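For the numbers below, each heavy atom of this structure counts, side chains included, while hydrogens, waters and symmetry mates do not. Note that ligands are numbered from 1 as they come in the structure, with each ligand's atoms numbered from 1 the same way. Bear in mind that the values here come from a model prediction, so they are computed numbers and not experimental data.
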Amino acid sequence: MRILYVEDEQLLADAVTHLLKKSGINVDWAEDGEEGLRLAKKPVYDAIVLDIMLPKMSGLEILEIIRKQGIKTPVIMLSALSEVEDKIKGLESGADDYLAKPFKTKELIARLNALVRRPALQESKLLKFGDLEFDPDSRTVNGIELTEKESDILEMLFKSGDKTVQKDYILAHVWGAEMLAEDNYVEVYMSYLRKKLRSLKSKVEIKTIRGLGYKLCSKS
Ligand code: CA
């Protein structure tokens, strides 16, 4: 299970993240509302744990925006104010569950498992292509570590099989729509990924389909 945890109180975030990781849950942490929203749009999370009171943008605003955009990732709202009003607002905005602070991490894990409906300790799902095995949870390909963006891009390439992934699609999903002008970012990251695949001596390469995008190919 991979979750996004949006929480501005660093000590709490560290403690909760530590315990979640110990029970086999991969956690990406965002410490303010803007970063939370940017990450929440990624199609890689099994659930989002969202604090309400956050700098830059509240958890309720993030929830409203992602639900309006059709993102259905399950959301658990957190709030220090264990007020009924927050709970109602959260659930009205499309939250799936609500946990009042302070909470026990055990309780959070139980809620996450109920929401995602699969055990936290399951083996991660490996994606395979040719001689490559990619693990999106640990962000590794044949054991080599990838950065967050490299991993997101590679996940799209693996999931599309032999179909071409459009450059604009990659840009919008990895960097967000606001970055559409900077389309050389994709090329730069493709060169990082190609370098890593070469270092693995893989027979798989990332092919550029001129004017369209990219796809994985096995070298003959
Ligand atoms: Ca807070």
Side-chain angles (χ1 to χ4, degrees), residues 1-121 124 136-139 147-149 151-152 155 172-179:
M1 190 195 301
R2 182 167 166 196
I3 69 150
L4 170 64
Y5 179 28
V6 191
E7 169 62 74
D8 58 313
E9 286 158 63
Q10 196 179 348
L11 285 178
L12 176 65
D14 283 350
V16 172
T17 300
H18 176 73
L19 291 170
L20 290 176
K21 283 185 174 165
K22 258 174 75 180
S23 41
I25 298 173
N26 284 291
V27 183
D28 287 350
W29 172 51
E31 64 176 323
D32 65 54
E34 273 175 17
E35 177 70 355
L37 176 63
R38 186 182 76 77
L39 292 174
K41 290 178 179 174
K42 293 188 176 198
V44 296
Y45 297 110
D46 298 300
I48 300 169
V49 178
L50 195 53
D51 189 27
I52 289 183
M53 302 288 279
L54 292 165
K56 295 184 186 173
M57 184 183 285
S58 82
L60 284 169
E61 285 174 275
I62 294 174
L63 180 62
E64 273 170 30
I65 292 170
I66 62 170
R67 287 294 185 254
K68 265 185 201 147
Q69 294 186 356
I71 296 164
K72 296 190 175 83
T73 313
V75 169
I76 299 180
M77 299 296 296
L78 300 176
S79 174
L81 321 154
S82 56
E83 284 175 0
V84 182
E85 205 178 305
D86 270 342
K87 181 174 180 173
I88 292 169
K89 265 192 222 155
L91 295 174
E92 275 177 353
S93 311
D96 300 85
D97 204 348
Y98 178 93
L99 207 51
K101 284 177 170 179
F103 57 87
K104 289 202 171 86
T105 307
K106 243 184 176 172
E107 176 66 19
L108 177 60
I109 293 170
R111 303 276 187 105
L112 281 169
N113 281 331
L115 216 51
V116 178
R117 285 192 194 91
R118 52 184 180 179
L121 280 169
S124 59
D137 283 339
S138 66
R139 295 194 188 120
T147 63
E148 181 190 334
K149 286 188 168 59
S151 175
D152 288 349
E155 187 167 356
H173 279 76
V174 178
W175 282 273
E178 71 274 16
M179 297 301 293

### Derivation and outcome, salt bridge (Lys or Arg N to Asp or Glu O under 4.0 Å), residues Arg67 and Asp96
CA-CA 12 Å; Arg67 287 294 185 254; Asp96 300 85; 3.0 Å; yes

All heavy atoms of Leu108 vs all of Phe103, minimum pair found to be CD2-CE1, 3.9 Å

Qualifying residue for side chain to side chain contact (heavy atoms under 4.5 Å, CB included) with Val16, from Thr105, Leu78, Val27, Leu11: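 Between Val16 and the candidates, side chain to side chain contact (heavy atoms under 4.5 Å, CB included) is satisfied uniquely by Thr105.
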
Tell me which donor-acceptor pairs under 3.5 Å the side chains of residues 54-66 have, and how far apart each pair is, sequence neighbours excluded?
unit_1: Ser58; atom_1: OG; unit_2: Leu60; atom_2: N; d: 3.3
unit_1: Ser58; atom_1: OG; unit_2: Glu61; atom_2: N; d: 3.1
unit_1: Glu61; atom_1: OE1; unit_2: Ser58; atom_2: N; d: 3.0

| Salt bridge flag under 4.0 Å for residues Glu155 and Lys42 |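 Salt bridge: no.
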
Note to self: Salt bridge check, Arg38 against Glu34: does any charged N sit closer than 4.0 Å to a carboxylate O?
What the structure shows: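 A salt bridge is absent here (no side-chain N lies under 4.0 Å from a carboxylate O).
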
Under-3.0 Å protein N/O/S neighbours of the Ca ion (ligand 1), ordered by chain then residue number: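 Near the Ca ion (ligand 1), the protein supplies Asp8 OD1, Asp51 OD2, Met53 O.
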
